[in-house]
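Working notes, structure below.
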Amino acid sequence: LSTLDTVNELFQAQMRCFLTIWSALKCMVFQTGTAWNSHAPNLRAWKTYLEGPCPPSAPVLLTCRDHAFLCMPSMDSSSNHRQLGGRYHIGYLQLRGACISLCLNVMPKTLDGQVTMEKTPSYFVTNEAPQRIHAMAKDIKLIVVVRNPVTRAISDYTQTLSKKPEIPTFEVLAFKNRTLGLIDASWSAIRIGIYALHLENWLQYFPLSQILFVSGERLIVDPAGEMAKVQDFLGLKRVVTEKHFYFNKTKGFPCLKKPEDSSAPRCLGKSKGRTHPRIDPDVIHRLQKFYKPFNMMFYQMTGQDFQWEREEGDK
Ligand SMILES: Nc1ncnc2c1ncn2[C@@H]1O[C@H](COP(=O)(O)OS(=O)(=O)O)[C@@H](OP(=O)(O)O)[C@H]1O
C-alpha cells in the first residue's frame, strides 16, 4: 500500500463495516508509525491498541493487513474523553475492542502446519501486555531476544540520536547525579535493561517453559545455532541452518545468503547494526555494576547464564 488513493479506495470498501461499528466508536486512536506491511499477518493494530495513548480528537487510520479503517471521534466527546488511569479513555477501550474485532475479521486463518508470529519488542516491558496476551492465547509461545543491558542501552540511545541529534549525551542522560554515581533508572534506555523486573511480570501469567530466551550476542556470532533453538522451541523442522548465513564484512554482521523472496543475499537494514558513539568507560563500568544484581536475578529466573559480566571482564 503506497498511495493515499489506495488508502481511500480501501477505506471506501470498508465503509459498510465502519458504519456498523460507528456506534461503538467513541474516540479515535492511532499512531501510524510505519505505514503498512502487506507481507506477514499485520498485527500493528494490536500494537496500537495494546500500547497506544488515545489522542483526544481527529480521525485516525487503522491499518490491518490490506484493509484500512478510518476511526472517527464521537460527536458527544465530553464523557468519552474522560481519562481512565491517566492513560486510556472510556471510548478508547470500547474502540479497542471494536477495532480488534475488525482486524481479526480480515486476518487469514492460520492453517495446520503454519505458525503465526507477531513481533513487538516493547511488549516485554509493557505492564499490561502479559495479562492481555494471556487472555488472548494462554498457550502462546514467547520469544525474547536479550543482550547485555549496557550495550542495549547504548544501542537504544544510538537509535534515538539518529532521529534527534540534539539530545544530551548518553553520559548525561544515564545519571540522576553523576557525582554521586546515581543512575537514572527511570530513563527508558536503562529501565528496559532491568530484565528480571519485566520477566517477573510475565511469570505471573506464563510458565518458563513457554518462553525462549535468545542471546543477542550469540545471534551475531552464531545465528544458525540460535535459530536452531528457535526452530526446536516452535516445534519446527530445522530448515534454517548454517548454510543460510554468511558474515558480511562491510556490514560487520551475519546476513542471509539467499532469502526466500529473492535470489540476492540480504543483510538487515541500515537501522540495524549502527556504529555506537564512544561512551566514557567509567560510565560503562558504573552501568555494569548497576545491572549486575539484576542480571544475576535474571540468570537465576531463566536458568541461563548470558555471561554479560564475563564480557566486561574480558575488555
Ligand atoms: N545480523 C544482524 N544484522 C544487523 N544487526 C544485528 C544482526 N544480528 C543482531 N543484530 C543486532 O540487532 C540490533 C537491532 O535490533 P533491535 O532490537 O533494535 O531491533 S528492533 O527494531 O527492536 O526489532 C542491532 O543493534 P545496533 O548494533 O545497536 O544497531 C544489532 O547489534
Side-chain angles (χ1 to χ4, degrees), residues 31-37 39-44 46-48 50-51 117-126 129 142-165 167 169-170 173-174 187-195 198-199 211-231 240-260 262 264-279 283-284 287-288 291 298 306-308 311-312 315:
Q31 64 204 61
T32 32
T34 333
W36 196 264
N37 175 359
H39 310 300
N42 184 353
L43 293 184
R44 201 173 293 286
W46 291 74
K47 179 180 161 107
T48 302
L50 282 164
E51 299 186 298
M117 299 189 71
E118 199 274 346
K119 179 196 95 110
T120 306
S122 57
Y123 280 174
F124 185 58
V125 299
T126 301
L142 303 160
I143 301 175
V144 192
V145 184
V146 281
R147 74 196 297 191
N148 185 327
V150 179
T151 328
R152 208 216 72 83
I154 300 169
S155 169
D156 196 324
Y157 173 79
T158 310
Q159 174 151 324
T160 311
L161 192 66
S162 72
K163 293 176 194 151
K164 295 182 194 164
I167 58 167
T169 62
F170 180 90
L173 292 170
W187 182 30
S188 65
I190 288 180
R191 191 182 56 85
I192 291 171
I194 309 176
Y195 303 135
H198 309 302
L199 180 59
I211 313 177
L212 176 73
F213 298 92
V214 173
S215 156
E217 286 80 18
R218 303 246 10 112
L219 198 58
I220 295 170
V221 296
D222 179 20
E226 287 306 296
M227 284 309 295
K229 291 181 204 158
V230 171
Q231 292 168 94
V240 181
T241 61
E242 241 157 56
K243 69 172 196 275
H244 292 90
F245 297 97
Y246 75 100
F247 187 82
N248 184 309
K249 279 193 190 146
T250 320
K251 177 89 183 164
F253 283 94
C255 298
L256 277 178
K257 271 187 194 157
K258 190 176 173 300
E260 242 177 47
S262 82
R266 206 177 70 200
C267 297
L268 290 181
K270 277 190 194 133
S271 66
K272 314 282 174 207
R274 292 188 184 97
T275 308
H276 293 173
R278 189 190 170 276
I279 307 296
V283 173
I284 293 187
L287 278 174
Q288 288 284 9
Y291 279 120
F298 184 65
F306 291 90
Q307 311 209 329
W308 294 319
E311 269 174 51
E312 168 73 351
K315 276 174 196 165

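Both ligands and their constituent atoms are indexed starting at 1 by order of listing.
- Distance alone, capped at 3.5 Å, places no donor-acceptor pair between the H198 side chain and the T126 backbone.
- At least one donor-acceptor pair closer than 3.5 Å links the side chain of Y195 to the backbone N or O of R147.
- Taking a distance limit of 4.0 Å, we find that atom 3 (N) of ligand 1 is approached by some protein heavy atom.
- Of all protein heavy atoms, the one closest to atom 24 (C) of ligand 1 is G273 N, 3.6 Å.
- Judged purely by distance below 3.5 Å, without hydrogens or angles, the side chains of W308 and E217 pair a donor atom with an acceptor atom.
- Protein heavy atom nearest atom 1 (N) of ligand 1, with residue, atom name and distance: P254 O, 2.9 Å.
- For atom 7 (C) of ligand 1, the nearest non-hydrogen atom of the protein is F253 CD2, 3.6 Å.
- Considering all non-hydrogen atoms of both residues, P254 and L219 come closest at CG-O, 4.1 Å.
- Looking from atom 22 (O) of ligand 1 to the surrounding protein, the closest heavy atom is P121 CG, 3.4 Å.
- When only interatomic distances are considered, the shortest N/O to N/O separation between H276 and ligand 1 falls below 3.5 Å.
- In terms of protein heavy-atom proximity, atom 20 (S) of ligand 1 is closest to K272 NZ, 3.2 Å.
- Nearest to atom 9 (C) of ligand 1 by heavy-atom distance, out of I220, L219, L268, I154, is I220.
- Protein heavy atom at the shortest distance from atom 23 (O) of ligand 1 is K119 NZ, 2.4 Å.
- In this structure, atom 15 (O) of ligand 1 has a protein heavy-atom contact shorter than 4.0 Å.
- When all heavy atoms of Y291 and A189 are compared, the closest pair comes out as OH-O, 4.0 Å.
- Closest to atom 25 (O) of ligand 1 among all protein heavy atoms lies R147 NH1, 3.1 Å.
- In this structure, N248 and F253 have side chains that are not in contact, with every pair of non-hydrogen atoms separated by 4.5 Å or more.
- Close approach of ligand 1 to S155 (heavy-atom distance below 4.0 Å) involves ligand atoms 25 (O), 26 (P), 28 (O).
- Looking at K251, its side chain does come within 3.5 Å of a backbone N or O of L268 through a donor-acceptor pair.
- Of the possible polar contacts, one joining the Q231 side chain to the M227 backbone as a donor-acceptor pair under 3.5 Å is found.
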